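Written out below as structure tokens is the structure these notes cover.
Throughout, protein chains are lettered first and strands after them, A, B, ... in sequence-line order, and every chain is numbered starting at 1. These numbers come from a predicted model, not from an experiment.
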2 protein chains.
Amino acid sequence: MPSATVENYLKCILMLSMDCDQSEVPMGLIANSLGVTPGTATTMMKNLQREKWLTYKSRKGVTLTSKGRRLGMKMIRRHRLLETFLVDTLGLDWSEIHDEAEELEHAISEKVLERLDVFLGNPQYDPHGHPIPTKGGVIRKLPQKNLLNLAMGKKVKIESILDQGSDFLKFAQKKGLMPGKLVEVIQRDEMADSVELQLEKKSKFSLGFKSAEKILVSG
Amino acid sequence: MPSATVENYLKCILMLSMDCDQSEVPMGLIANSLGVTPGTATTMMKNLQREKWLTYKSRKGVTLTSKGRRLGMKMIRRHRLLETFLVDTLGLDWSEIHDEAEELEHAISEKVLERLDVFLGNPQYDPHGHPIPTKGGVIRKLPQKNLLNLAMGKKVKIESILDQGSDFLKFAQKKGLMPGKLVEVIQRDEMADSVELQLEKKSKFSLGFKSAEKILVSG
DNA sequence: GTTTTTAGTTTGATTAATCAAAGTGCCGTA
DNA sequence: TACGGCACTTTGATTAATCAAACTAAAAAC
Ligand SMILES: [Mn+2]
Ligand SMILES: [Mn+2]
Ligand SMILES: [Mn+2]
Ligand SMILES: [Mn+2]
């Protein structure tokens with residue numbers, strides 16, 4: 001019933017509301033992350049409000065209704081299960097699956113998705129370490145710690161990569177920055193805004209603050 | 001680049017041109033099999049001609065260009081490989097996959113499709129017994145013989161079912177009319193326009209001429 | 001407290017796909 | 001050869017999604 005466009009908007013708004021976590025998501029973020037002009041976003045929000053997917057306050061932002069949150073969550077589930085399938089079953093590289101899933105998520109039915117979930121063995125995390133919501137719309141929280149806000153000199157496990165960009169993912173893979181790997185921050189240089197890392201059985205290398213913040217860890 | 005709509009039109013025109021096999025496909029058939037009004041079909045044909053997918057002769061019909069045939073064939077390949085995946089890998093019923101594949105065929109990329117082909121072991125036929133075109137666009141012809149034009153009293157093998165309707169497919173499955181099964185026409189009643197069939201290890205039953213024509217056989 | 005900047009809104013236009021309904025060409029039968 | 005009917009085409013309108021550019025409100029800067 002909802003178009004692919006509506007599905008994309010709601011998924012996007014839900015994801016923004018989850019990390020920027022205020023109740024209202026501003027137009028700018030939405031327009032920016034979907035690559036449309038601000039005017040398009042404004043117009044769209046009014047239409048989405050008319051169909052009760054969200055509430056819109058002029059010059060404030062939008063808040064999803066529970067109907068809207070439900071659909072947004074369903075899209076995240078579809079996206080992440082599909083990514084898992086593309087990597088685990090078909091053997092694609094984790095840097096090339098995001099855009100594929102971005103299309104397939106609108107074409108796969110509930111029935112096929114649930115079969116796929118069973119076929120994959122009910123995976124809990126996608127290839128980037130992102131939690132897969134349950135069928136009922138429950139999602140685990142991401143760890144708070146990352147390679148920047150972490151205490152130095154402690155071996156931690158990489159849990160999740162927050163950047164979907166294929167260039168960054170290729171780089172991360174080459175360096176071994178992938179979920180499950182153990183890593184230690186051995187130095188931190190405020191002037192150069194970079195941290196020096198040591199991965200098991202690898203040589204040291206350094207990462208800028210901005211990138212370090214995108215690697216979530218636990219332990 | 002081509003929209004899902006364009007992809008659907010070209011696949012449809014190619015399929016019509018393959019079985020009605022004249023060089024020109026008339027508007028009526030196209031409009032009818034896509035469920036649009038004749039006016040919509042006419043308008044669309046002009047747009048498709050503008051983009052060199054086909055040539056259109058007013059009140060005659062259309063003929064695909066090689067560019068158009070290539071895309072149409074690609075869509076048939078996608079559709080049938082996806083159907084095969086849905087049945088063989090995910091275990092869906094052959095009566096419920098057509099509509100699913102109808103959507104997925106527009107969302108799957110060339111890259112993912114070729115991986116899927118390898119994963120499935122390069123299947124030659126889809127679950128309904130329809131030949132899957134090669135990557136290069138070559139397709140095997142369907143058998144000419146069916147349960148209506150066949151000589152009586154000869155055991156033949158079912159090759160293909162020409163009806164995608166879920167009701168007919170459910171019925172065919174229940175009766176055992178599926179590719180690979182052996183069947184014999186034991187009687188033919190012109191008055192009742194029906195044929196009586198005997199499948200291996202099954203009780204006899206009869207089928208109307210119209211339905212009998214939709215079951216292709218060989219041997 | 002003005003002014004400037006930035007973020008967001010409005011307006012008018014465009015494109016793809018569709019329909020209903022009015023109009024037209026052509027083919028077969030009389 | 002004229003007529004009627006069917007298949008097809010044209011026209012005018014609608015819907016969803018988008019943009020550019022003019023406009024406006026609210027927050028920062030001065
Ligand atoms: Mn998407
Ligand atoms: Mn992911
Ligand atoms: Mn389709
Ligand atoms: Mn099929």
Is [X] salt-bridged to [Y], cutoff N-O under 4.0 Å?
X: B/R77; Y: B/E105; result: no
X: B/E96; Y: A/K111; result: yes
X: A/K11; Y: A/E102; result: yes
X: B/R78; Y: B/E83; result: no
X: B/R188; Y: B/E196; result: no

Give a yes/no on whether any side-chain N or O of [X] is located under 4.0 angstrom from OP1 or OP2 of [N].
X: B/T40; N: C/dC19; result: yes
X: A/T42; N: C/dT9; result: yes
X: A/T37; N: D/dA20; result: no

Value in whole Å for how far the [atom2] atom of [N] lies from [atom1] of [X]:
X: B/K60; N: C/dC26; atom1: NZ; atom2: C1'; result: 10 Å
X: A/L29; N: C/dG8; atom1: CG; atom2: P; result: 8 Å
X: B/R50; N: C/dA16; atom1: CZ; atom2: P; result: 7 Å
X: A/M44; N: D/dA16; atom1: CE; atom2: P; result: 9 Å
X: A/K46; N: D/dT15; atom1: NZ; atom2: P; result: 18 Å
X: A/M45; N: C/dT10; atom1: CE; atom2: C1'; result: 16 Å
X: A/I30; N: C/dA7; atom1: CD1; atom2: C1'; result: 13 Å
X: A/M27; N: D/dA26; atom1: CE; atom2: P; result: 15 Å

**Item:** NZ or CZ of A/K175 within 45° of A/F205 ring axis and under 6.0 Å
**Value:** yes
**Prompt:** For the side chain of A/R59 and the base of C/dT9, is some donor closer than 3.5 Å to an acceptor across the two?
**Reply:** no
**Request:** Among D/dT18, C/dA17, C/dG8, find the nucleotide with the atom closest to the side chain of A/Y56.
**Result:** C/dG8
**Request:** Give one of base, sugar-phosphate or nothing for A/G39, where a contact means two heavy atoms less than 4.0 Å apart.
**Result:** base
**Request:** Under 4.0 Å from any atom of DNA chain D, heavy atoms only: list the residues of residues 1-16 of chain A that qualify, in numerical order.
**Result:** A/S3, A/T5, A/Y9
**Prompt:** For A/K170, does its backbone N or O pair with a side-chain atom of A/S95 as donor and acceptor, under 3.5 Å?
**Reply:** no
